[in-house]
Amino acid sequence: MARDLLGCYLVRRRGRGDVGGRISGGRIVEVEAYGGPGDPGSHADRAPNGRASIMFGEPGIAYVYFTYGMHHCMNAVCDRVGQGSAVLIRALEPVWGARAMRLGAPTNLADHLVASGPGRLCRALRIDKRLNGSDLVNGTVRILPPDTTERGEIHDGIRIGLTSDDERPWRFWLDSPSVSRSPRPRSRR
DNA sequence: CAGAAGATCTGC
DNA sequence: CAGATCTTCTGC
(Lines give C-alpha, C1' and ligand atoms only; values in the text may rest on other atoms or scores of the structure.)
Protein backbone atom coordinates (compact mmCIF):
# COMPACT_ATOMS: atom_id res chain seq x y z
CA MET A 1 0.00 0.00 0.00
CA ALA A 2 2.85 2.39 0.81
CA ARG A 3 4.35 1.68 -2.60
CA ASP A 4 0.99 2.30 -4.25
CA LEU A 5 0.79 5.76 -2.69
CA LEU A 6 4.00 6.83 -4.41
CA GLY A 7 3.05 8.84 -7.48
CA CYS A 8 -0.40 9.68 -6.14
CA TYR A 9 -1.24 13.30 -5.41
CA LEU A 10 -1.99 14.85 -2.03
CA VAL A 11 -3.98 18.05 -2.34
CA ARG A 12 -5.78 20.53 -0.15
CA ARG A 13 -8.85 22.37 -1.35
CA ARG A 14 -8.56 25.95 -0.21
CA GLY A 15 -10.47 29.13 -0.63
CA ARG A 16 -14.25 28.94 -0.50
CA GLY A 17 -14.54 25.34 -1.30
CA ASP A 18 -16.35 24.07 -4.30
CA VAL A 19 -16.27 25.02 -7.95
CA GLY A 20 -13.35 27.11 -9.02
CA GLY A 21 -11.70 26.68 -5.65
CA ARG A 22 -7.96 26.56 -5.65
CA ILE A 23 -5.88 23.68 -4.52
CA SER A 24 -2.38 23.28 -3.25
CA GLY A 25 -0.42 20.10 -3.10
CA GLY A 26 1.77 17.84 -5.13
CA ARG A 27 3.01 14.41 -5.98
CA ILE A 28 3.79 11.96 -3.22
CA VAL A 29 7.45 10.98 -3.55
CA GLU A 30 8.28 9.56 -0.11
CA VAL A 31 6.33 7.45 2.40
CA GLU A 32 6.86 5.14 5.35
CA ALA A 33 4.74 2.16 6.37
CA TYR A 34 3.80 1.60 10.00
CA GLY A 35 2.29 -1.63 11.24
CA GLY A 36 0.08 -2.58 14.15
CA PRO A 37 1.06 -4.52 17.28
CA GLY A 38 4.48 -6.04 16.75
CA ASP A 39 5.98 -3.06 14.95
CA PRO A 40 8.10 -1.38 17.64
CA GLY A 41 8.40 1.83 15.64
CA SER A 42 4.66 2.29 15.30
CA HIS A 43 2.29 4.26 17.49
CA ALA A 44 -0.01 1.26 17.06
CA ASP A 45 2.46 -1.14 18.64
CA ARG A 46 0.47 -1.05 21.84
CA ALA A 47 -3.18 -1.58 22.54
CA PRO A 48 -5.64 0.25 20.26
CA ASN A 49 -6.16 3.09 22.72
CA GLY A 50 -5.27 6.74 22.79
CA ARG A 51 -4.12 8.71 19.79
CA ALA A 52 -3.28 5.63 17.74
CA SER A 53 -6.85 4.31 17.96
CA ILE A 54 -7.49 6.04 14.63
CA MET A 55 -4.96 3.66 13.09
CA PHE A 56 -7.16 0.71 14.03
CA GLY A 57 -10.21 2.22 12.37
CA GLU A 58 -11.43 2.64 8.81
CA PRO A 59 -8.91 2.82 5.99
CA GLY A 60 -8.85 6.01 3.94
CA ILE A 61 -8.91 8.16 7.07
CA ALA A 62 -6.20 10.63 8.10
CA TYR A 63 -4.18 10.03 11.27
CA VAL A 64 -2.60 13.37 12.20
CA TYR A 65 -0.47 13.76 15.32
CA PHE A 66 1.63 16.49 16.86
CA THR A 67 5.23 15.83 17.83
CA TYR A 68 8.37 17.47 19.21
CA GLY A 69 6.23 20.36 20.35
CA MET A 70 6.56 21.80 16.87
CA HIS A 71 5.35 19.62 14.05
CA HIS A 72 2.40 17.72 12.74
CA CYS A 73 2.71 14.51 10.75
CA MET A 74 0.05 12.97 8.55
CA ASN A 75 -0.69 9.33 7.83
CA ALA A 76 -3.26 7.52 5.75
CA VAL A 77 -4.86 4.58 7.53
CA CYS A 78 -4.29 1.74 5.10
CA ASP A 79 -5.48 -1.59 6.43
CA ARG A 80 -8.72 -3.17 7.51
CA VAL A 81 -10.46 -2.23 10.73
CA GLY A 82 -8.61 -3.75 13.67
CA GLN A 83 -5.23 -4.09 11.98
CA GLY A 84 -3.74 -0.77 13.11
CA SER A 85 -1.66 0.06 10.07
CA ALA A 86 -0.97 3.38 8.36
CA VAL A 87 1.37 5.06 5.91
CA LEU A 88 3.19 8.26 6.87
CA ILE A 89 3.28 10.72 3.97
CA ARG A 90 6.81 12.14 4.16
CA ALA A 91 7.33 14.34 1.11
CA LEU A 92 5.62 15.96 -1.85
CA GLU A 93 7.01 17.31 -5.05
CA PRO A 94 5.09 20.62 -5.32
CA VAL A 95 2.64 20.79 -8.23
CA TRP A 96 -0.14 23.26 -7.33
CA GLY A 97 -0.22 26.34 -5.11
CA ALA A 98 3.51 26.79 -4.71
CA ARG A 99 2.98 30.27 -3.34
CA ALA A 100 0.44 29.12 -0.76
CA MET A 101 2.67 26.27 0.34
CA ARG A 102 5.52 28.71 0.93
CA LEU A 103 3.58 30.69 3.53
CA GLY A 104 5.24 30.23 6.88
CA ALA A 105 8.30 28.54 5.42
CA PRO A 106 11.76 30.03 5.81
CA THR A 107 12.27 32.52 3.02
CA ASN A 108 15.53 30.94 1.95
CA LEU A 109 14.05 27.43 1.61
CA ALA A 110 14.15 26.27 -2.01
CA ASP A 111 10.77 25.76 -3.67
CA HIS A 112 11.23 22.05 -4.18
CA LEU A 113 11.81 21.58 -0.43
CA VAL A 114 8.69 23.27 0.99
CA ALA A 115 6.94 19.91 1.45
CA SER A 116 10.07 17.78 1.86
CA GLY A 117 9.73 15.99 5.20
CA PRO A 118 6.59 15.14 7.20
CA GLY A 119 6.68 18.35 9.26
CA ARG A 120 7.26 20.61 6.30
CA LEU A 121 4.55 18.84 4.34
CA CYS A 122 1.97 19.51 7.04
CA ARG A 123 3.02 23.13 7.34
CA ALA A 124 2.79 23.57 3.57
CA LEU A 125 -0.75 22.19 3.41
CA ARG A 126 -1.86 23.69 6.74
CA ILE A 127 -2.52 20.24 8.14
CA ASP A 128 -3.07 20.03 11.87
CA LYS A 129 -5.03 17.94 14.33
CA ARG A 130 -8.29 19.36 13.11
CA LEU A 131 -7.85 17.02 10.16
CA ASN A 132 -7.26 13.99 12.37
CA GLY A 133 -9.95 11.48 11.48
CA SER A 134 -10.91 13.25 8.26
CA ASP A 135 -11.72 11.46 5.02
CA LEU A 136 -8.84 11.32 2.55
CA VAL A 137 -11.17 10.38 -0.30
CA ASN A 138 -13.75 13.17 -0.07
CA GLY A 139 -12.36 15.53 2.56
CA THR A 140 -10.62 18.90 2.51
CA VAL A 141 -7.30 17.15 2.17
CA ARG A 142 -7.45 14.19 -0.14
CA ILE A 143 -5.38 11.73 -2.10
CA LEU A 144 -5.83 11.50 -5.86
CA PRO A 145 -4.70 8.63 -8.07
CA PRO A 146 -1.61 8.95 -10.23
CA ASP A 147 -2.11 10.13 -13.79
CA THR A 148 0.19 7.48 -15.13
CA THR A 149 1.21 4.00 -14.12
CA GLU A 150 4.79 4.92 -14.93
CA ARG A 151 6.39 5.94 -11.68
CA GLY A 152 9.99 5.07 -12.30
CA GLU A 153 12.02 3.08 -9.86
CA ILE A 154 10.86 2.65 -6.26
CA HIS A 155 13.69 2.77 -3.73
CA ASP A 156 13.45 1.47 -0.18
CA GLY A 157 15.35 1.76 3.07
CA ILE A 158 14.94 1.77 6.82
CA ARG A 159 12.59 4.28 8.39
CA ILE A 160 13.90 7.61 9.59
CA GLY A 161 13.88 8.97 13.11
CA LEU A 162 12.80 5.90 15.03
CA THR A 163 14.28 5.48 18.47
CA SER A 164 13.72 1.75 18.41
CA ASP A 165 16.34 -0.10 16.46
CA ASP A 166 14.32 -1.46 13.61
CA GLU A 167 15.77 -2.59 10.34
CA ARG A 168 12.70 -3.33 8.27
CA PRO A 169 12.91 -1.46 4.95
CA TRP A 170 9.56 0.28 5.12
CA ARG A 171 10.58 3.68 3.82
CA PHE A 172 9.89 4.06 0.10
CA TRP A 173 10.72 6.89 -2.26
CA LEU A 174 10.94 7.86 -5.91
CA ASP A 175 13.73 9.69 -7.67
CA SER A 176 12.90 13.29 -6.84
CA PRO A 177 14.70 16.37 -5.55
CA SER A 178 11.90 16.69 -2.98
CA VAL A 179 12.74 13.51 -1.07
CA SER A 180 13.72 14.43 2.49
CA ARG A 181 17.25 14.02 3.70
CA SER A 182 19.03 10.81 4.41
CA PRO A 183 18.89 9.33 7.90
CA ARG A 184 20.97 11.08 10.48
CA PRO A 185 23.84 9.05 11.83
CA ARG A 186 22.34 7.21 14.76
CA SER A 187 23.20 9.24 17.83
CA ARG A 188 25.22 7.45 20.43
CA ARG A 189 23.33 7.23 23.62
C1' DC B 1 0.25 13.48 38.97
C1' DA B 2 5.02 14.30 37.50
C1' DG B 3 8.53 13.38 34.26
C1' DA B 4 10.42 11.96 30.03
C1' DA B 5 10.46 10.92 25.23
C1' DG B 6 9.14 11.75 20.74
C1' DA B 7 7.63 8.80 13.11
C1' DT B 8 11.13 16.85 13.30
C1' DC B 9 13.16 21.04 11.62
C1' DT B 10 15.95 25.12 11.88
C1' DG B 11 19.66 28.13 12.72
C1' DC B 12 23.88 28.77 14.99
C1' DC C 1 24.48 20.04 17.40
C1' DA C 2 21.21 22.03 20.54
C1' DG C 3 16.91 24.33 21.09
C1' DA C 4 12.11 24.91 20.37
C1' DT C 5 7.78 23.33 22.65
C1' DC C 6 3.66 20.27 23.83
C1' DT C 7 1.09 15.89 23.54
C1' DT C 8 1.06 11.37 24.95
C1' DC C 9 2.42 7.73 27.62
C1' DT C 10 4.57 5.64 31.65
C1' DG C 11 5.62 4.87 36.24
C1' DC C 12 5.08 5.84 40.97
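What's counted below: heavy atoms across the whole structure, side chains too, no hydrogens, waters or symmetry copies. Convention: sequence-line order gives letters A, B, ...; per-chain numbering from 1.
- Within the nucleic acid shown, A:G69 comes within 4.0 Å of at least one base atom, counting heavy atoms only.
- Residues A:L5 and A:L92 fall within the same hydrophobic cluster, defined by Ile, Leu, Val, Met, Phe, Trp and Tyr side chains chained together at heavy-atom separations under 4.5 Å.
- For the pair A:H43 NE2 and B:dG6 C1', the computed distance is 7 Å after rounding to whole Å.
- Between the P atom of B:dT10 and the OH atom of A:Y68 lies a distance of 14 Å, rounded to the nearest Å.
- Across C:dA2 and B:dA5, the matching P atoms stand 15 Å from one another, rounded to whole Å.
- Rounded to an integer number of Å, the gap from A:L109 CG to B:dG11 C1' is 13 Å.
- In this structure, C:dT5 makes no Watson-Crick or G-U wobble pair, since no nucleotide meets both defining distances under 3.5 angstrom.
- Of the nucleotides present, none pairs with B:dA7 by Watson-Crick or G-U wobble criteria with both distances under 3.5 Å.
- One interatomic measurement links the two molecules: CG of A:L113 to C1' of B:dT10, which rounds to 13 Å at whole-angstrom precision.
- As a whole-Å value, the separation of A:M74 CE from B:dT8 C1' is 16 Å.
- Among the protein residues, A:M55 comes within range of the nucleic acid bases, having at least one heavy atom under 4.0 Å from a base atom.
- Spacing between atom CG of A:D128 and atom C1' of C:dC6 amounts to 14 Å, rounded to whole angstrom units.
- Side-chain contact between A:Y63 and A:N132: present, with at least one pair of heavy atoms (C-beta onward) separated by less than 4.5 Å.
- The side chain of A:T67 places no N or O atom within less than 4.0 Å of a non-bridging phosphate oxygen (OP1 or OP2) of B:dA7.
- Of the candidates B:dC9, C:dT7, B:dA7, B:dC9 carries the atom nearest the A:H71 side chain, counting heavy atoms from C-beta on.
- The stretch residues 90-139 of chain A participates, sequence neighbours left out, in these ring-ring contact (aromatic ring centres under 6.0 Å, His included) pairs: A:Y9-A:W96.
- OP1 or OP2 of B:dT8 has not a single side-chain nitrogen or oxygen of A:R159 nearer than 4.0 Å.
- A:D45 has its CG atom 18 Å from the P atom of B:dA5, to the nearest Å.
- Between A:M70 and A:K129, the one whose closest nucleotide on DNA chain C sits nearer the 5' end is A:M70.
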(request) Test A:R12 against A:T140 for side-chain hydrogen bond (donor to acceptor under 3.5 Å, both in side chains), laying out the working first. (result) CA-CA 6 Å; A:R12 174 172 194 130; A:T140 302; 5.5 Å; no
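- Picking from C:dC9, B:dC9, C:dC6 the nucleotide with the shortest atom distance to the side chain of A:R120 gives B:dC9.
- Here the nucleotide nearest the side chain of A:P118, chosen from B:dT8, C:dT7, B:dT10, is B:dT8.
- Note on residues 136-166 of chain A: pairs passing ring-ring contact (aromatic ring centres under 6.0 Å, His included), not counting sequence neighbours, are A:H155-A:W173.
- The nucleotide whose nearest atom lies closest to any side-chain atom of A:F66 is, among B:dT8, C:dT7, B:dA7, C:dT7.
- At a threshold of 4.0 angstrom between heavy atoms, the contacts of A:G41 include nucleobase atoms, whether or not backbone atoms are also involved.
- More than 12 heavy atoms of other residues, nucleotides or ligands sit less than 6.0 Å from atom CZ of A:R168.
- Put simply, the side chain of A:Y65 and the base of B:dA7 share a donor and an acceptor less than 3.5 Å apart.
- For B:dA7, neither phosphate oxygen OP1 nor OP2 lies less than 4.0 angstrom from any side-chain nitrogen or oxygen of A:R171.
- As a whole-Å value, the separation of A:H72 NE2 from C:dT8 C1' is 14 Å.
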